[in-house]
Amino acid sequence: MAVSETIAAVATPPGTGGIGIVRVSGPLVPAVAEGLIGRVPEPRLATLADFRARDGETIDRGITLFFPAPNSFTGEDVLELQGHGGPVVLDLLLRRALELGARPARPGEFSERAFLNGKLDLAQAEAVADLIESTTEVAAKLASRTLQGELSRRVGGLLEGVICLRTYVEAAIDFPDEEIDFIADSQVGTDLRDLIRDTEDLMASAHQGCLIREGLNLVIAGPPNAGKSSLLNALAGTDIAIVTAIPGTTRDLLRQQIRIDGMPLHIIDTAGLHPARDPIEQEGVRRAQEQIEHADRVLWVFDGQADPDHLGFDAGALPPQVPVTYIRNKIDLTGTPASLTHGSSGPEVAISALTGAGMDVLREHLKAVCGLSASTEGVFIARRRHLDALERVLSGLISAAQVLRDTAAAELVAEELRQVQRTLGEITGEFTSDDLLGRIFSGFCIGK
């Protein structure tokens, strides 16, 4: 990428610290170095220097590092000034760099230039921000994996398989005289099935990585007076919801974000599901069912005293694609021990939201379903856009297999594969739009 502008920013967090860094990238880096320290430093050699203002007065004394293009993070000439970490000092250094021709960097612009100059692909660039923002050791480990190219490598392997198959199919279209019998060749169907299987495996890893990055959307649901709001309060550690003995106290949605060992959980408490006659209660039930449809997991709370086998509800209220954890509440009244069991209908945790018995068991269970306690071998950090793209890839491959099975139309199979190839390219940035890049890099911190 040919860039005419030079950018500069403070690359360390706001506030006072022992060391602060000003980073400069672009074609004017040698001129900025001459103006600030009187010379261009030796490449990749830490050098002690005085940082000088326009009138020659010393602003600070610190370390300079010069990375000439293309062997730098951005692929351009990069200068780093490591001075004392006072905000006034760093502001003076930044203002001096701007006087010498640089302009303030936008959020994420250094990483954006690294992507545009081919130093990182888009998935790796996103992993830079994910690594910085990691709130758990597991999230940091998976973000580092993505930065090292784990996601890109697996997407690349899938892409190679799609390209090879598409090449064969299009050869059958373009060179009919070469005796490539596309219809009779069962290998095409076999290759498509292999690609579908590999995509499903990749989606499973991406989904786990996405949960670890973004957290789990948990919907607390169940019949009235089962203790749903008490469970929300117990998980949050404070009285978020009003709790009474009157059934139907909660009529609207209550939202709360909590963390379990750094893992974000987005919890939604809903109105009790029952045949409501009151218009307000009906709207509450409708909203509850809508949230259940979009949940990552439902915590179905039931009163273990009144409904010992948790079957006293309409199974149709829970969509089959949404996983469910059954919460046997009020064990302080039944004498049931706190426990986690796995039955034919799914996991069940016995708790008392009132006394807190079993809450540690529930928290460990939620960590496990998020992937925080399970093996993360082969898992990488992922974003919702990666999952969306992989879902479209899977849909395209399944459509191609169906077309092959029903019509054996090579042109239609080739078109599905072309769309799949383009969608895979969106993940790594081979095919992307300026709008998408703007949304991605605007979420980065300034200086990165």
Side-chain angles (χ1 to χ4, degrees), residues 129-130 133-143 204-222 226-243 250 252-271 287-302 318-319 321-329 338 340 342 346-354 356-376 379-384 386-387 443:
D130 294 334
E133 296 169 2
S134 297
T135 57
T136 66
E137 182 179 344
V138 173
K141 178 181 177 181
L142 300 193
S205 295
H207 187 262
Q208 187 176 357
C210 190
L211 286 180
I212 290 173
R213 177 185 180 271
E214 299 183 359
L216 202 67
N217 290 318
L218 289 176
V219 172
I220 301 177
K228 300 184 296 300
S229 296
S230 297
L231 176 58
L232 172 64
N233 292 342
L235 286 170
T238 186
D239 290 336
I240 301 296
I242 297 174
V243 176
T250 301
D252 205 348
L253 305 176
L254 293 177
R255 303 174 187 270
Q256 182 69 17
Q257 180 169 324
I258 68 170
R259 290 183 180 273
I260 298 178
D261 290 349
M263 173 71 68
L265 296 177
H266 313 284
I267 304 177
I268 302 175
D269 182 23
T270 62
R287 293 187 181 189
Q289 292 171 332
E290 182 180 59
Q291 292 300 318
I292 289 172
E293 288 283 346
H294 297 94
D296 290 320
R297 178 167 287 268
V298 170
L299 300 183
W300 182 270
V301 184
F302 65 98
L318 299 179
Q321 76 276 9
V322 178
V324 181
T325 295
Y326 297 96
I327 307 297
R328 179 184 295 274
N329 194 20
L340 168 64
H342 293 273
E348 178 185 297
V349 184
I351 69 160
S352 169
L354 178 64
M359 291 303 298
D360 288 341
V361 177
L362 176 58
R363 291 186 182 97
E364 289 300 316
H365 169 67
L366 293 177
K367 285 165 55 178
V369 298
C370 284
L372 194 59
S373 301
S375 170
T376 57
V379 180
F380 43 81
I381 212 72
R383 297 188 171 201
R384 290 287 174 181
H386 303 150
L387 283 176

- Rounded to the nearest 0.5 Å, how far does CG of L362 lie from CG of L235? 5.5 Å
- Message: Has N329 got a side-chain atom pairing as donor or acceptor with A226's backbone, closer than 3.5 angstrom?
- Response: yes
- Item | Contact check, side chains of M359 and L231, non-hydrogen atoms, under 4.5 Å | yes
- Query: Charged N to carboxylate O under 4.0 angstrom, D296 versus R384?
  - Reply: yes
- Supply the atom-to-atom distance E290 CD to H294 NE2, rounded to the nearest 0.5 angstrom. 6.5 Å
- Query: Does any N or O in the side chain of H266 come within less than 3.5 Å of the main-chain N or O of E214, such that one atom is a donor and the other an acceptor?
  - Reply: yes
- Message: Please evaluate residues L366 and L218 with respect to the criterion side-chain contact (heavy atoms from CB on, under 4.5 Å), reporting the C-alpha separation (whole Å), side-chain torsions for both, the decisive distance (0.1 Å), and the verdict.
- Response: CA-CA 10 Å; L366 293 177; L218 289 176; 3.9 Å; yes
- Intermediate values then yes/no, side-chain contact (heavy atoms from CB on, under 4.5 Å), R297 and T325: CA-CA 7 Å; R297 178 167 287 268; T325 295; 2.8 Å; yes
- For V379 and G209 the tightest heavy-atom approach is CG1-N, 3.8 Å
- Item | Non-hydrogen atoms of A295 and V219 that approach each other most closely | CB-CG2, 3.5 Å
- Query: If every non-hydrogen atom of A382 is compared with every non-hydrogen atom of R213, which pair is closest and at what distance?
  - Reply: O-CD, 3.4 Å
- Report yes if some heavy atom in the side chain of E348 is under 4.5 Å from a heavy atom in the side chain of W300; otherwise report no. no
- Side-chain heavy atoms of P319 within contact of I292, under 4.5 Å: yes
- Query: Can you tell me how far the CD1 atom of I268 sits from the CG atom of L232, to the nearest 0.5 Å?
  - Reply: 10.5 Å
- Are the side chains of I351 and V361 in touch, meaning some heavy atoms are under 4.5 Å apart? no
- Return yes when atom CD of E133 has more than 12 non-hydrogen atoms of other residues, nucleotides or ligands closer than 6.0 Å, and no otherwise. yes
- Query: How far apart are the closest heavy atoms of A338 and G358, and which atoms are they?
  - Reply: CB-CA, 3.5 Å
- Message: If we ignore hydrogens and angles and just use 3.5 Å, is the side chain of S230 paired with the main-chain N or O of A353 as donor and acceptor?
- Response: no
- Message: Test salt bridge (charged side-chain N to carboxylate O under 4.0 Å, His left out) on R383 and D130; report intermediate values, then the result.
- Response: CA-CA 9 Å; R383 297 188 171 201; D130 294 334; 3.0 Å; yes
- Item | Atom pair CD (Q291) and CG (D269), whose distance is rounded to the nearest 0.5 Å | 11.5 Å
- Note on the structure: So CZ of R255 and CG of N217: to nearest 0.5 Å the spacing works out to 9.0 Å
- Query: NZ of K367 to CG of L265: how many Å apart, nearest 0.5 Å?
  - Reply: 11.0 Å
- Within a strict 4.5 Å, meaning less than it, do heavy atoms of the L340 and P347 side chains meet? yes
